[in-house]
Each structure stands twice: as C-alpha cells, then as structure tokens.
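Just below is one structure, and these are the notes that go with it.
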Amino acid sequence: MNSFLNVEDLGDLQQALAEATEIKNDRFKYVEKGRNKTALLVFFNNSLRTRLSTQKAAQNLGMNVIVLDVNAGAWKLETERGVIMDSDKSEHLLEAIPVMGSYCDIIGIRSFAGLTNREYDYAETVYNQFVKYSGRPVFAMETATVHPLQAFADLITINEYSKKIQNAGRPVKVVLTWAPHPKPLPQAVPNSFAQWMMAASKPASALQTGIDFVITHPEGYELDPVFTKGARIEYDQMKAFEGAHFVYAKNWSCPGISRPDAYGRVLNDYQEMLDWTVSDRQMAVTDNAGFMHCLPVRRNMIVTDSVIEAPTSLVIPEAANREISATVVLKRMLDSLK
Ligand code: CP
C-alpha cells in the first residue's frame, strides 16, 4: 500500500477487521517489522488523537517516529505553485517535500481543507504533492476531504459493539447525523464515514449482516456523491433515528453540491441549528443506539452531556481504536516497502 486515502486502498474489509482483532489482542506482535524504519508525521493542523495514536501505532511496530508541526517551529510553507514568494512563507512545499522524504520511510499528512476553493480542496492538492514528490508511501491523517484512519477505527468499533445484532441475523442500522457547531468545519470525517459505511453495507463485505446506512442533515448539506453513492438521505432527523443501533454525530459546512455558491459556509441560523443537537429526545426513538463522535466534540452544541455521558456512549473506545486502525495501516505500508 503506497497511499492510504480511500477505503479501496485497504482492500478486503473483512480481512482488515480480522487483522485489527489480531493486533488488538497482541499490539506488539509485529514489533520487529518496523526496526530501523522511520515514520514522519507532518501536521499542518492541530491534533490530539491522531498525533498520539499514530505515534503509538508506529511504536507498536518498532518504528522510530518524527513529528513535524509545520506551523510551530518550521519555516512557513507555501503550498501553491506559481506564486511570487514575497509573503511570510519562506519555503516552498516542492523543496520541503523531497527533503522530508529523505529523512524517513513512510509519511503521514494532516492538512485540512481551506474551505474557500472547492476545486483545490477536492483535488487533494497538498496530499497529492506529497505522493508525487516525497518518494515515500504516504497516508492521510485527515486531509482536505477524507479521514480514513478515523473511519477505519469507526468501522472496527461498530463491528465490536454489534455482535449481538449480527448474531441475531439483523443488519446493523447506522445513522450519520449533521449536528451544530459555531464554526464552519470541513467535510473530511463525514465523507470518509459515508464511504466506509457504504463499502460495508453489503452483508459479508465487512460485517456478517451488513449495514443499513442513513444520512440525515438539513437541506443544503448534501455530501459529495463520490462518497455517499447509494446512501439513503432522510431530511427528518427523528425519522432517521428510528430503530438505529449506532448514531454518529458530526458537523460539516456546506459541501457545495446542491449549493455551489455556499461551499464551506454555515447555512442555518443559530437557533435553527440547535434543533439538531443530539439529545435524549432523538436517542429515545433508537434501538438503544451507541453514540459515536470522532472527537473533539463541543458539548451541548453537537451532543448533550446526558447522551455523551450515558453508558451507551462509545466515544472513548472509538478513540482508543485509532491506535488499532493506525497499526494495521502502518503494518501494511511496511509490508510494501522494498
Ligand atoms: N478525531 C481526530 O482526528 O482527533 P484529533 O483532531 O484530535 O486528531
């Protein structure tokens, strides 16, 4: 695996889930695999979980780890080609990338969407320059449009917590719900979550009984069909929640599909947004659903205290599974090194 951006990059999901279970049972099983290999983790944006879990994953595999916070201590990087570099950006990505590649064996990139130019964001311009110029396998630690390490951890979590439903021969109902946030956020997490849930929707593609996947959001927030193709959209949040086994809450700004003029913007007013906060009212119509969120989460905006603190809240085991998803992905990348 030379690049990890989309669900297809991982191949067979049942096999990937089996590997995740194997690693969870013995995190250091492959500790020799990464001996004398170095992972470079490049952060253009803040992180808690991705930073810690990916470092831990690399250490599980015996790798050395270098973490670079581009905006704290490094030269400010210009990412666009053709600009006259007379601003505060001292170095161009096109020199910086091959230099970074010369110090490591595998590179992870966190680089969020700018949310001003949809074409630039959805072309994955920064990530693809690392693929092209680093000479190393590259993996996404949340890029402009996707967050696959998160989505893989989410799938691992849903598989673990749905055994009873699967054993009863019932499809697992998963609802992705838009939820309020004071600032416009990228679409990377919901894009990946939708992509991975659709890949797991057919019985035996990942989970024994498959996934019945529903997305709910206010009108105007339609995600890019590249990620949601075949997914059911339900604009009535209460209807969407009926009988759900898992509720996955996330905010995202306008993806610019039904409203190209509004890409990256928040479309609704404050009061209207707060109707979408996940509370006991919506959770009451689910089938005792597990509550999921990638974190960090804004309490009483995205979700009420009572829902996130309930015994059905899965946010902590979900975050813990980030170590497992990253270990599987890094192991696969080490396997593909020449
Ligand atoms: N879920 C997630 O990616 O968390 P961080 O932004 O803290 O890495």
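Atoms within a ligand are numbered from 1 in the order they appear, just like the ligands themselves. FYI, side chains are in, hydrogens and waters are out, and symmetry mates aren't considered; it's all heavy atoms of this structure.
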Charged N to carboxylate O under 4.0 angstrom, Asp212 versus Arg232? yes

At under 4.0 Å between heavy atoms, which part of Met141 makes contact with ligand 1: side chain, backbone, both or neither? neither

Looking only at protein heavy atoms, which one is nearest to atom 4 (O) of ligand 1, and how far off is it? Arg49 NE, 2.9 Å

Evaluate Thr50 for polar contact with ligand 1, using N/O atom pairs at a separation under 3.5 Å. yes

Arg110: heavy atom below 4.0 Å from ligand 1, yes or no? yes

Report whether Met301 and Leu295 are members of the same hydrophobic cluster (ILVMFWY, side-chain heavy atoms less than 4.5 Å apart, transitive linking). no

Neighbour count >12 (heavy atoms, 6.0 Å) for atom CG, Asn117: yes

Closest to atom 3 (O) of ligand 1 among protein heavy atoms sits His147 NE2, 2.8 Å

Is NZ or CZ of Arg51 both nearer than 6.0 Å to the six-membered ring centre of Phe43 and within 45° of the ring axis? yes

Pull out every atom of ligand 1 sitting under 4.0 Å from any heavy atom of Cys294, numbered as shown with elements. 1 (N)

Subset of ligand 1 atoms that lie under 4.0 Å from at least one heavy atom of Arg322: 1 (N), 2 (C), 3 (O)

So, using ring pair (Phe, Tyr, Trp, His ring centres under 6.0 Å) as the criterion, who are the partners of Phe193 when residues are at least two apart? Phe213, Tyr248

Aromatic plane relationship, Tyr221 with His217 - under 30° parallel, 30 to 60° tilted, over 60° perpendicular: perpendicular

So the atoms of ligand 1 within less than 4.0 Å of a heavy atom of Leu295 turn out to be 1 (N), 2 (C), 4 (O)

Under-4.0 Å salt bridge between Asp305 and Arg299: yes

Would you check whether Arg51 has a nitrogen or oxygen atom less than 3.5 angstrom from a nitrogen or oxygen atom of ligand 1? no

Which residue owns the protein heavy atom closest to atom 7 (O) of ligand 1, what's the atom, and how far is it? Leu48 N, 2.7 Å

Select one of side chain, backbone, both or neither to describe which atoms of Val189 lie under 4.0 Å from any atom of ligand 1, heavy atoms only. neither

Polar contacts were defined as any N/O atom of the residue lying under 3.5 Å from an N/O atom of the ligand; does this apply to Pro296 and ligand 1? no

Tell me, yes or no, whether the heavy-atom count around Asp269 atom CG, taken from other residues, nucleotides or ligands under 6.0 Å, exceeds 12. yes

